[in-house]
Amino acid sequence: MASLVRRCMMPYGCCLAALLALAALASPGRLGAAAAAEGSGVKWHVVSVSSLLPSAACTATAAAPNSSALRVVHRHGPCSPLRSRGGPPSHAEIMGRDQERLHAMHRRVPKGANVTLQARWGKPLGTSNYYISVGLGTPARDLSVEFDTGSSQSWVQCKPCADCYEQHDPLFDPSKSATYSTVSCAAKECREFGSQNCSSGNNCRYEVSYADKSRTTGTLARDTLRLTPATTVRGFMFGCGHNDAGVFGEVDGLFGLGRGKASLSSQAAVVYGDAGFSYCLPSSSSTVGYLTFGGAAAAPANAQFTAMVSGQDDGSWYYLNLTGIKVGGKAIKAPSAAFATASGTIIDSGTAFSRLPPRAYAALRSAFRRAMAKHGYRRAPASPPFDTCYDLSGHEVVRVPSVVLVFADRTAVALDPSGVLYAWDEASQAACLAFAPNTDETYLGVLGNVQQRTLAVVYDVGNRRVGFGAKGCA
Ligand SMILES: *[C@@H]1O[C@H](CO)[C@@H](O)[C@H](O)[C@H]1NC(C)=O
Ligand SMILES: *[C@@H]1O[C@H](CO)[C@@H](O)[C@H](O)[C@H]1NC(C)=O
Ligand SMILES: *[C@@H]1O[C@H](CO)[C@@H](O)[C@H](O)[C@H]1NC(C)=O
Ligand SMILES: *[C@@H]1O[C@H](CO)[C@@H](O)[C@H](O)[C@H]1NC(C)=O
């Protein structure tokens, strides 16, 4: 397969991802920070326990910084337009699913313009990942697509669908779009992004397989993509999926934001002059974040940058050099070597919970347990893959120890409390340390989307660095 991309890269890790997604979906939980202080010198955050639990109302106003912004919301949440269906998928359902030729793009967007969409958490749509709403085709059909920095291809489910999963919106129908075209087998981008199964004269086929055994196959195509009412990418290349299965929830498709040439960010770079982008992932489905293209310009004043480093999959992933963690203001007892896995560490919007090498995780867990014990929080049974859980019943507020990620260039990123303690079961009032260990020291470390919640995350691709700013969204 020419275009094998992995969405969840740990060997067997996809099961874990599916389990985690499942856990997340089975009982939506959220941890809202009531009184989070900023900075890495802070030792505790006092958080109301009720804010850990799901909210029924969408409290998002016009959260997007600008009219040309994309909203990011949780798919299963009250802000989600996709919410209508009878509740989130069952555990079992989730388990079954957990530049060359780019010249065709219309250059009517001035370089440096802000193009911002609303970003939402996908929980109401059966995924723990995040999605945006875009318009595809002419006239534009509104579609809700997951955005994934861990892969570089984009696709939507298309009519006719031989074997598709159930999605939120009606299927995209290429025959109803005046601007749709297929990529031919003879085209250069077919050799580059198509599957090696083309006889000339035919439409180019594509195939994407993810590490969690999710997959999509269909026709490589182009159509007009409307990101915001004012910004359109003509000739956007994507896969028109006719045969799709996996852990996608009910999203209508998936857009890759990886470093590969086919990704939305790379294609948009031709229009915006810069493959950079930034986002803020909201902490719950009742709030809205954003995804902005055109990159580095949008960095908040408080952003701290760390260098992108090279790694095994240099084609698609964004590797960072994580070297330590501080809990309650003190470094955990793990040398930087404990974080330096053979496979490196990536930042990924398409993995929910961060995965650490076992030794680093064990040190984090000990430090976290000690900090929680100081305040007498009762432990609750483990809830795999989480092994450090607390019974918060009877507490109105919880003191969450601060957790700060430290990178090689000494950049320190303080996580929001919603990225530290994760609660999903209203009945049990339990919350767990939202990290999981890899089963082998050599496996890829991942900075997942839960840990990125509420941070403004800036992918300054041109300068090979990633920035983090506190309080980018709620
Ligand atoms: C939106 O962005 C434009 C420039 O891209 C700027 O002039 C305008 O002030 C922004 N609007 C808001 C509400 O921030
Ligand atoms: C983009 O928007 C941000 C704030 O939303 C603003 O600070 C920045 O200057 C804008 N950049 C451009 C090029 O308009
Ligand atoms: C080639 O494509 C056809 C559909 O056009 C498909 O049925 C067949 O399985 C593909 N073969 C390989 C080896 O991928
Ligand atoms: C990470 O940083 C350490 C210390 O500066 C350095 O020795 C190591 O080579 C870096 N790793 C990568 C993958 O760049």
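Just follow the structure's listing: the first ligand is 1, and inside any ligand the first atom is 1.
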Practice problem: For atom 4 (C) of ligand 4, find the nearest protein heavy atom and state the residue, atom name and distance (0.1 Å precision). | Solution: A408 CB, 4.5 Å
Practice problem: Looking only at protein heavy atoms, identify the closest one to atom 13 (C) of ligand 4 and say how far it is in Å. | Solution: V309 CG2, 3.9 Å
Quiz item: Yes or no on ring pair (Phe, Tyr, Trp, His ring centres under 6.0 Å) for F353 and F386, after CA distance, side-chain angles and deciding distance?
Solution: CA-CA 10 Å; F353 300 97; F386 304 128; 4.9 Å; yes
Self-check item: ligand 4 to N321 polar contact by distance, N or O atoms, under 3.5 Å
Solution: yes
Quiz item: CH2 of W155 to CG of D244: how many Å apart, nearest 0.5 Å?
Solution: 5.0 Å
Quiz item: What's the shortest heavy-atom distance between F435 and G419, and which atoms?
Solution: CE1-O, 4.2 Å
Quiz item: Within 4.0 Å of atom 7 (O) of ligand 4 (strictly less), any protein heavy atom?
Solution: no
Quiz item: Judged by modelled atom types alone, do T388 and R369 share a side-chain donor-acceptor pair under 3.5 Å?
Solution: yes
